[in-house]
Amino acid sequence: MRWLGCVALGVVFWCVTPADALADKRVALVIGNGAYTKAPRLPNPPRDAHDVAAALKRIDFDVIRGTDLDRAGMQDAIVRFARAAQSADVGLLYYSGHAMQFKGVNYLMPIDAKLDDEADLYRFTKVDDVLGYLQQAKALKILVLDSCRNNPLAEALKRSIGLTRAASLPRGLARIEAPIGTIISYATQAGQTAVDGKGRNSPYTTAFLKHIEESREIGDIFRDISADVYRATGQTQLPELSLSIVDKFYLKGPASVTANLPPQPTPVDRSVVAPPLPRARSPRAPPRAQEVGPAAGPATALSQPTPVDRSMVAPPLPRARPPRAQEVAPATVMKSAQLVSPCGGSRQTSRGWTRRNRGTPCSHRQRLCNSC
């Protein structure tokens, strides 16, 4: 019975295993662009990206980090992130640098971007595209944009497109509704601009680094980030926060596994599993009714034929028909027809046999006359 004790002990250890032993896969893309060639340089984004990447690595994220990326560099980093997100449970994108909106579409700006006219927007990265790649993560998706700084290239675009269309280019970023299972956080409200800050990090990144490693629910963490930014900027910058999550999620702590991950199957000890039962044989069809003969002697309960379910019995095959008279050779017919009775009858009629010479019927009607 020792094996029963081993099985019971295994079940106990499985039940008390801490949740963080079932670690989920986490990937993050962190970009900080500050060395712009055709726009004022931003000193903080490269430092923001470095510090955020280090913090995410400490809470088990696989981080793809890029600083001062041109158009080709941003495309390469996004492609790498898109491939990694396909097998991830948690995905996070953190961008610090210049961004802008045009006709309700948000764009991230590489360091070599220029904006002489509307066609140059194709050199930018659409936030909607990045958000689509982020949605490949199975459980939790987080998009953080510390990028609502005042963009002088947007003013140049306003002049190039004319006053009548300049209304389609408001300040800041356009609001995005978070898909299911997603958190979207802007450094400031939609349509507003954020300050870059005078310290090592921007006000938003400073608050992000303060709270992201806490052992608390992820929604509470981002609410505290927003509150810290609002207080640190003298109530002039309030981050935009959109949460569309149902369960509670933790990035650190005893409940670090996200709540809506698929349940893990319980291991089964094959040695204690009963062998499968033999398959039941299908019942044979009862004999057909015409094959059950009458019982000899007085009728009893055992001599009665077994009831037959007509719906389960195949219809009988047609019986072989004997050959008809015309199908038999003529010689055989003539030979079998020449029967002669002892009284001289040579042809059978309805009245008996007809004598051969006189043609009068014989008085005997039997087939063979025994007394003539």
Side-chain angles (χ1 to χ4, degrees), residues 24-39 41-101 105-115 120-149 151 153 173 176 178-179 182-187 194 196 201-202 204-205 208-209 212 251:
D24 46 2
K25 182 177 180 181
R26 307 173 180 185
V27 297
L29 174 61
V30 180
I31 298 177
N33 286 344
Y36 288 96
T37 59
K38 297 177 175 61
R41 296 173 64 93
L42 299 174
N44 281 339
R47 297 194 293 261
D48 293 344
H50 179 274
D51 296 344
V52 168
L56 294 178
K57 287 180 180 179
R58 289 193 293 268
I59 53 176
D60 300 326
F61 274 88
D62 295 329
V63 180
I64 302 171
R65 181 172 66 92
T67 56
D68 295 332
L69 299 179
D70 56 10
R71 180 190 179 192
M74 287 192 66
Q75 290 178 344
D76 179 70
I78 292 172
V79 168
R80 291 169 57 195
F81 174 73
R83 290 172 177 167
Q86 293 177 357
S87 58
D89 300 302
V90 181
L92 185 148
L93 170 66
Y94 193 102
Y95 176 80
S96 180
H98 277 311
M100 59 175 293
Q101 66 163 307
V105 179
N106 296 321
Y107 296 89
L108 307 181
M109 183 175 168
I111 62 170
D112 60 345
K114 61 178 182 178
L115 202 54
D120 282 332
L121 288 173
Y122 289 100
R123 306 179 189 273
F124 289 41
T125 299
K126 285 185 179 181
V127 173
D128 291 343
D129 294 342
V130 179
L131 184 60
Y133 299 137
L134 186 63
Q135 293 303 305
Q136 296 179 114
K138 299 179 181 63
L140 180 63
K141 308 93 176 175
I142 303 173
L143 175 64
V144 178
L145 299 178
D146 186 8
S147 54
C148 301
R149 298 164 174 86
N151 190 344
L153 293 183
L173 297 178
I176 300 176
T182 306
I183 297 175
I184 297 178
S185 181
Y186 291 171
D196 190 46
N201 304 115
S202 69
Y204 184 90
T205 300
F208 183 90
L209 294 173
I212 195 59
L251 296 181

Gap between atom [atom2] of [Y] and atom [atom1] of [X] - 0.5 Å precision:
X    : Y    : atom1 : atom2 : value
L115 : H98  : CG    : NE2   : 12.0 Å
Y133 : Q86  : OH    : CD    : 10.5 Å
L92  : L140 : CG    : CG    : 8.5 Å
L42  : M109 : CG    : CE    : 9.0 Å

CA sep, side-chain torsions, deciding dist, call: F208, V144, side chain to side chain contact (heavy atoms under 4.5 Å, CB included):
CA-CA 10 Å; F208 183 90; V144 178; 4.3 Å; yes
Below 4.5 Å, heavy atoms only, C-beta onward: do [X] and [Y] meet side chain to side chain?
X    : Y    : answer
P110 : R123 : no
Y94  : L145 : no
V127 : L143 : yes

Qualifying residue for side-chain hydrogen bond (donor to acceptor under 3.5 Å, both in side chains) with S96, from D48, N33, T205, N201
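Filter result, single survivor: D48.
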I'd like to know if the side chain of [X] and the backbone of [Y] have a donor-acceptor N/O pair within less than 3.5 Å.
X    : Y    : value
D112 : R71  : yes
T37  : I111 : yes
D89  : K138 : no

Can you check side chain to side chain contact (heavy atoms under 4.5 Å, CB included) on N106 and D128, steps first, answer last?
CA-CA 7 Å; N106 296 321; D128 291 343; 5.8 Å; no
[X]: what forms a side chain to side chain donor-acceptor pair (under 3.5 Å) with it, not counting sequence neighbours?
X   : result
Y36 : Y95
T67 : none
S87 : K25

Determine, step by step, whether M100 and L108 satisfy the side chain to side chain contact (heavy atoms under 4.5 Å, CB included) criterion, reporting the C-alpha distance in whole Å, the side-chain angles of both residues, the deciding distance to 0.1 Å, and the verdict.
CA-CA 7 Å; M100 59 175 293; L108 307 181; over 6 Å; no
Looking at every non-hydrogen atom in both residues, tell me the closest pair between [X] and [Y] and how far apart they are.
X    : Y    : value
K141 : A137 : CE-O, 2.9 Å
L251 : R26  : O-NH1, 2.6 Å
A99  : L173 : CB-CD2, 3.8 Å
G32  : A49  : N-CB, 3.6 Å
L134 : I142 : CD2-O, 3.5 Å
L56  : A28  : CD1-CB, 3.8 Å

Y107: what forms a ring-ring contact (aromatic ring centres under 6.0 Å, His included) with it, not counting sequence neighbours?
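Expected list: none.
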Could you tell me whether Y186 and Y204 have their ring centroids closer than 6.0 angstrom?
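Between Y186 and Y204, the centre distance exceeds or equals 6.0 Å.
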Scan residues 72-85 for pairs that pass side chain to side chain donor-acceptor pair (under 3.5 Å), counting only residues two or more places apart or in two chains.
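Sorted pair list comes back empty.
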side-chain hydrogen bond (donor to acceptor under 3.5 Å, both in side chains) between D146 and S202, intermediate numbers included:
CA-CA 8 Å; D146 186 8; S202 69; 2.4 Å; yes
List the atom pairs, with distances to 0.1 Å, where a side-chain N or O of residues 57-65 and a protein N or O form a donor-acceptor pair under 3.5 Å, not counting sequence neighbours.
residue, atom, partner, partner atom, Å
R58, NE, E213, OE1, 3.0
R58, NE, E213, OE2, 3.2
R58, NH2, E213, OE2, 2.8

